[in-house]
Amino acid sequence: MQITSEHDNDPVDLLILGAGWTATYLIPLLKRESVKYAATTTDGRNGTIRFQFDPESSDPAPFRELPSAETALITFPLLGEGQAKHLVQMYESTHCMPERHKPHFVQLGATSIWTAPTWQDESSPYEHTDPRAIAEDELMRCSDGAVLNLAGLYGGARQPRDWVDRVVKTKADLKGKGALHVVHGEDVARAILALHRSFTPGKRWLVTDMHVYDWWDLTQDWAVKTLQGVECGDGQDEITIMKIKRQEELLAWVGELMVEDGVRALPRDTSSLGRALDGRGFWQRVGIWPMQGRLR
């Protein structure tokens, strides 16, 4: 059941603060699992509650529009000191709940806070000065909240193969690309629901699909598939000559770099890719595993 600003402010199991891309996977899952939820957007579209967090405002009115919830999921980034504490205090002060029934706060974060060029898991040192990490740490301190630090998000129209043109402009760019880590929107939704059902107070988790992908391997594979599609006549009207040349260029760059760097086969060994993320811990803790397998 979804709660909107037009309905009674009945308590819900899960409150989604910021129903964006992740919610397109999470809401259908909550409906299938009969989890009572409410969702907010900045403009109240699609029957959601209109809400926008202003870290500089102490006006309780926007928070009074929100229902009480067992779990409050924060999908938008909180930055630096003060914002997480302010959000928690404003929500709790406008919702009278016994201590034992205070909500569990969950923040969605990013894996970019782990930067060391080695294997990393949720217990590894991270960049404590990162603005998002500062806010996440504050949330865990002030509310015993939990954090899901997500690898690159994909699914639907958001496909990693479309990222190549953005991150690889030159051969030097490709040379510098090591590992890619992702997690599908469906598995993000499953992770959120699993944490709601088996909450871990004051814990930060690293969430991936448990694969470490090699950018060179993916770039070569995607270029080959595109060119093969042209040869077979698949989608010729949509692929320009410039795009074909681009795929041929990428294919050549991968081969040249393999020769230059002495790489005998793809994918490269994980030890040569720099930072590698170990996402096993979270899935083992909540007792489920990613359903979206190897990226293609």
Side-chain angles (χ1 to χ4, degrees), residues 1-24 26-27 29-31 33-109 131-148 188-189 191-204:
M1 175 181 178
Q2 182 172 349
I3 306 298
T4 74
S5 57
E6 299 176 354
H7 290 75
D8 292 334
N9 226 5
D10 294 334
V12 297
D13 300 317
L14 183 64
L15 171 60
I16 306 168
L17 295 176
W21 183 85
T22 299
T24 63
L26 179 57
I27 289 176
L29 176 63
L30 298 178
K31 289 179 177 179
E33 294 290 322
S34 299
V35 175
K36 191 175 182 180
Y37 73 94
T40 77
T41 57
T42 58
D43 57 6
R45 63 185 178 274
N46 299 325
T48 57
I49 301 168
R50 184 174 182 176
F51 174 81
Q52 185 168 4
F53 174 59
D54 181 356
E56 304 298 325
S57 173
S58 295
D59 181 5
F63 287 88
R64 291 194 179 118
E65 294 297 316
L66 303 176
S68 298
E70 181 180 342
T71 300
L73 173 69
I74 308 166
T75 68
F76 49 83
L78 299 175
L79 303 174
E81 296 181 359
Q83 292 192 6
K85 184 177 181 181
H86 184 60
L87 188 151
V88 170
Q89 289 180 340
M90 291 299 295
Y91 183 80
E92 291 186 346
S93 68
T94 52
H95 296 76
C96 295
M97 293 170 285
E99 185 70 28
R100 66 181 181 276
H101 291 304
K102 284 191 174 182
H104 296 148
F105 286 91
V106 176
Q107 170 76 65
L108 299 187
R132 294 184 69 167
I134 292 172
E136 292 165 5
D137 289 342
E138 183 178 77
L139 182 76
M140 290 188 285
R141 287 195 307 271
C142 72
S143 72
D144 279 336
V147 180
L148 294 177
V188 173
I192 292 167
L193 181 56
L195 186 58
H196 163 69
R197 288 172 166 169
S198 182
F199 190 69
T200 58
K203 180 67 177 177
R204 168 183 276 114

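The model shown is predicted, which means the values in this text are computed figures rather than measured ones.
Panel note: side chain T75, backbone L17; a donor-acceptor pair is recorded below 3.5 Å. Checking side-chain atoms of S93 against main-chain N and O of M90 turns up a donor-acceptor pair under 3.5 Å. A donor-acceptor pair is defined here as one N or O able to donate and one able to accept, closer than 3.5 Å; no such pair exists between the side chain of Q107 and the backbone of L139. Judged purely by atom type and a 3.5 angstrom limit, T41 uses its side chain to pair as donor or acceptor with the backbone of G44. Between the E138 side chain and the A84 main chain, a donor and an acceptor come within less than 3.5 Å of each other.
The shortest heavy-atom contact between R204 and A133 is NH2-O, 3.7 Å. Closest non-hydrogen pair, T40 versus G18, comes out as OG1-N, 3.0 Å.
Salt bridge status for E136 with R141: absent, with no side-chain N to carboxylate O gap under 4.0 Å. Looking at E65 and R50, no side-chain N of the basic residue comes within less than 4.0 Å of a carboxylate O on the acidic one, giving no salt bridge. Note on D144 versus K102: no salt bridge recorded, every NZ/NE/NH1/NH2 to OD/OE distance being 4.0 Å or above.
Under the 30°/60° scheme for interplanar angles, the aromatic rings of Y91 and F105 are found to stand perpendicular.
Within 6.0 Å of NZ on K85 lie no more than 12 heavy atoms contributed by other residues, nucleotides or ligands.
The side-chain heavy atoms of V106 and I74, taken from C-beta on, include no pair separated by under 4.5 Å.
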Go through K36 and E70 one step at a time and tell me if the salt bridge (charged side-chain N to carboxylate O under 4.0 Å, His left out) criterion holds.
CA-CA 10 Å; K36 191 175 182 180; E70 181 180 342; over 6 Å; no
